[in-house]
Amino acid sequence: MGISVNGIDIDDADIALELPHHDRAGNPLKQAVHELVLRRLLLGEAERLGVHGDSDDGRIEALFEQEVQVPAADDEACRTFYAQRPQLFRSGALVEARHILFQVTPEAPLELLRTTAQAVLDALKLAPERFAELAAQYSNCPSGALGGSLGQLSPGQSVPEFDALLFRLEAGALAGHLLETRFGYHIVQVQRRVEGQAIAYEAVQAQIADRLSRAAWQRAVHQYLHLLVGRADIAGIELEGTASPLVQ
């Protein structure tokens, strides 16, 4: 059976054109097809609602502007975010860290991957001096060849959940649990910290508001995509969620 969205086919030529844009994905073919389905779905919805644009991307952007409404982050939300994450708002703050990455891929059984990661973490709790050895053996990150070393990192250089953990751990501390990010499962250790100086709330208010607004917009777009997928007639593929470069 071929792939179609509301009766409109997605053919091999479409996929061949889209595929080069996903060559770094874990499964480029699957991601390319997923992207084409969502794009076709959004363009069909734009046509149904009479939304126009100077290109396909412009029509999708205009559709989001019309259909996805997100209130701006208010001062109370920004102050709460600032107060709860002081480690992110320090000038000159640095950590020297290392990690072991168990990368999630379509070919890797998720439960087996997590079980293996947990077993390695348990071994490190008993013998932390084995970190470099186990990083070289297990890590799917190029840093594994360097004993898992990520060098010195400042706030904002990592994905938010990794960042938050790095700047919460004390020097020498091994995180007591696996950290899950979009890349997979991580075992994390902070080797050294430089605390830096606190940045005043007023200096970062706009930055925080933008961060919170972007996060809220992405959540709203994902919900909107789920709604469209749920009421569409999609044949030949089962969408496993709505993660898409369209909304990054």
Side-chain angles (χ1 to χ4, degrees), residues 21-22 24-26 31 61 64 68 70-104 117 121 131 135 139-222 241-248:
H21 300 297
H22 306 279
R24 294 187 180 182
Q31 186 61 43
E61 184 177 343
F64 283 152
V68 180
V70 179
D74 60 22
D75 186 64
E76 182 180 357
C78 292
R79 287 186 181 277
T80 298
F81 186 90
Y82 175 84
Q84 291 178 344
R85 297 165 178 81
Q87 71 278 4
L88 297 182
F89 305 107
R90 302 188 72 85
S91 175
L94 291 171
V95 295
E96 187 175 322
R98 56 185 180 178
H99 80 148
I100 301 174
L101 170 64
F102 299 82
Q103 186 178 17
V104 172
L121 176 57
F131 198 105
S139 186
N140 299 124
C141 177
S143 65
L146 304 173
S149 176
L150 295 170
Q152 293 184 342
L153 299 169
S154 55
Q157 282 190 269
S158 309
V159 293
E161 57 270 35
F162 199 95
D163 221 41
L165 179 60
L166 281 182
F167 288 91
R168 189 168 67 243
L169 289 173
E170 296 298 326
L174 175 72
H177 59 86
L178 297 174
L179 173 67
E180 184 176 356
T181 72
R182 65 175 179 265
F183 301 108
Y185 296 107
H186 306 254
I187 296 172
V188 182
Q189 183 182 40
V190 166
Q191 297 171 285
R192 189 170 70 91
R193 296 178 60 96
V194 176
E195 295 299 339
Q197 299 293 320
I199 302 173
Y201 168 73
E202 290 72 18
V204 292
Q205 179 182 12
Q207 173 191 333
I208 295 171
D210 179 64
R211 178 172 180 166
L212 293 180
S213 294
R214 282 189 289 109
W217 185 83
Q218 286 186 341
R219 288 194 299 270
V221 168
H222 282 299
T242 55
S244 165
L246 288 171
V247 296
Q248 298 303 306

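One is the number of the first residue; the rest follow in order along the sequence.
- The backbone N or O of Q197 lies less than 3.5 Å from no partner atom in the side chain of S91, so there is not a single donor-acceptor pair.
- Annotation for A220 and V70: closest pair CB-CG2, 3.7 Å, computed over non-hydrogen atoms.
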Can you give the donor-acceptor pairs under 3.5 Å from side chains of residues 145-166 to other protein atoms, not counting sequence neighbours?
| unit_1 | atom_1 | unit_2 | atom_2 | d |
| --- | --- | --- | --- | --- |
| S149 | OG | G151 | N | 3.3 |
| S154 | OG | Q157 | OE1 | 3.0 |
| Q157 | OE1 | S154 | N | 2.7 |
| D163 | OD1 | G156 | N | 3.4 |
| D163 | OD2 | G156 | N | 2.7 |

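- Taking the side chain as every heavy atom from C-beta outward, F183 and C141 never approach each other to under 4.5 Å.
- Residues I208 and F89 are in side-chain contact: their nearest non-hydrogen atoms beyond the backbone lie under 4.5 Å apart.
- Counting heavy atoms from C-beta on, the side chains of I187 and F102 come closer than 4.5 Å.
- Atom CD of E202 has more than 12 heavy atoms from other residues, nucleotides or ligands within 6.0 Å.
- With hydrogens and angles ignored, the 3.5 Å screen pairs a side-chain donor or acceptor of R90 with a backbone N or O of G196.
- Residues L121 and A175 approach most closely at CD1-O, 3.6 Å, considering heavy atoms.
- The nearest pair of heavy atoms linking A209 to A73 is O-CB, 3.9 Å.
- Proximity of F81 to R211: side-chain heavy atoms (C-beta onward) are separated by under 4.5 Å at one or more points.
- Closest approach of Y201 to C78, counting heavy atoms only: OH-CB, 3.3 Å.
- Looking only at distances, no side-chain donor or acceptor of R98 sits under 3.5 Å from a matching main-chain atom of Q191.
- To the nearest 0.5 Å, atom OG of residue S143 and atom CD1 of residue I100 are 9.0 Å apart.
- Between R192 and V194 there is a side-chain heavy-atom pair separated by less than 4.5 Å.
- In this structure the side chain of H186 reaches within 4.5 angstrom of the side chain of T181, judged on heavy atoms.
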List the steps, then state whether side-chain contact (heavy atoms from CB on, under 4.5 Å) holds for W217 with V68.
CA-CA 8 Å; W217 185 83; V68 180; 4.2 Å; yes

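- With contacts defined as side-chain heavy-atom distances shorter than 4.5 Å, the pair L88/V204 does not qualify.
- The closest side-chain heavy-atom distance from V190 to F167 is not below 4.5 Å.
- The shortest non-hydrogen separation linking D74 to A77 is OD1-N, 2.8 Å.
- Closest approach of D75 to Q205, counting heavy atoms only: OD1-NE2, 3.0 Å.
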